[in-house]
Amino acid sequence: MATARHDYYELLGVSRDASDAEIKKAFRRLARQLHPDVSEEADAEERFRDVSEAYEVLSNSETRQLYDRYGHAGLRGGGFRPTHVDLGNLGDLFSAFFGDDLFGGAAARAARGADVAAEVEIELVEAAKGATRSVPYDVAVTCGVCTGSGVEPGTPVETCETCGGSGRVQQISRSLFGEFVRQSACPRCGGSGRFVTHPCEACEGAGRTLDRRQLEVEIPPGIHDGQRIRLTGEGHAGALGGRAGDVYVLVRVLPDSRFVREGNDVFSTADLTMTQAALGATVTVETLDGPVELEFGPGTQPGEIRVLRGKGMPVLQGFGRGDQRVLVGVAVPRHLTDEQRRLLDEFERHSSEQTYRADESFFEKLKSAFR
Ligand SMILES: [Zn+2]
Ligand SMILES: [Zn+2]
């Protein structure tokens, strides 16, 4: 929507005393340039809406007078609200406006190609490092035999009798721009104005064929399950000069039995035996970068958490990595031999409250793990 910063005459590139015909001509030229199906510019859609609004105001003598005298404030005061431009119905809007097609020719209309959805699966470890994947997909491309016309080369094309070749049939219609003769696509020829007697054999008249393509997709480190990567312009071919659609690659990050991911942090467990926990031990722990040796002191308790700073997932499109939190589990023996039972009985006789007394520092350590 145009703001007070935009002058409607400047938007259309016409002088303040421009005639209605000049204004219409300027809008037509800009609309053709900025049409979102055609323009490659990132802000084309926004500019298109601005230009449409300018045209809407200046093409009506009442709103143009208001604007000339009092500017944008005058329009607001007069209750003017720009029409919401539904980009999906632009083609119809233009044919209604100009009585012919915006893009010239017999109702031939450029259309942006459709998007393609593809999917890849990667391991969590790959998601941590980033990966390149070859993604196969089927895409509609312009038929090379008929160059998109759908007509078998060397065969005649007849003019459609229903619409006389215009591709359009007329009906009276009302819109926010006022009442006008609205044209819609001819039902017999589908708006092409032509009747193809011999459809192209290669594409069966569609003008496009399916092609199996392979794309190398760079998956950035730190990607999350369910995120999509957009590859601009790699999708289905557009019709009649419209730009190609995009490819959206859905990335599935497979679960890893060793880790639980939470945001950029990962959780895992380290299992110590009862005696390892009591006596202290060095235990191999899996990380995203491979196994590491972790040293646990005597009296290690179940439920302790060891924080491995910077061993988590990388921050997507950022810096640094999350942490890995290793939860300590302690295995209590389930099947004792007579000898083991005797030894543990003896151990118990030598134990006192002192044996199991917590260090004061233990809770501090536990607290710091969650910080
Ligand atoms: Zn063909
Ligand atoms: Zn027709």
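For ligands, and for the atoms within them, numbers begin at 1 and follow the listed sequence. For clarity, every value in this text was computed on a predicted model and none was experimentally measured.
To the nearest 0.5 Å, atoms CG (D246) and CD1 (I229) are separated by 13.5 Å. With rounding to the nearest 0.5 Å, the separation of CD in Q324 from CD in E286 is 9.0 Å.
Electrostatic pairing of K311 and D289 counts as a salt bridge here, judged by a charged N lying under 4.0 Å from a carboxylate O. In summary, E346 and R342 engage in a salt bridge, as defined by a charged side-chain N under 4.0 Å from a carboxylate O.
Under the 3.5 Å distance criterion, the side-chain polar atoms of R252 are left unmatched by any main-chain donor or acceptor of E121. No side-chain donor-acceptor contact under 3.5 Å links Q276 to the backbone of F296.
In this structure, the ring of Y67 has its center less than 6.0 angstrom from the ring center of Y8.
With the Zn ion (ligand 1) as vertex, C146 SG and C200 SG subtend 120°, rounded to 10°. Computed with the Zn ion (ligand 1) at the centre, the C203 SG to C143 SG angle is 110°, stated to 10 degrees.
Here the protein contributes C160 SG, C163 SG, C186 SG, C189 SG as N, O or S atoms under 2.8 Å from the Zn ion (ligand 2).
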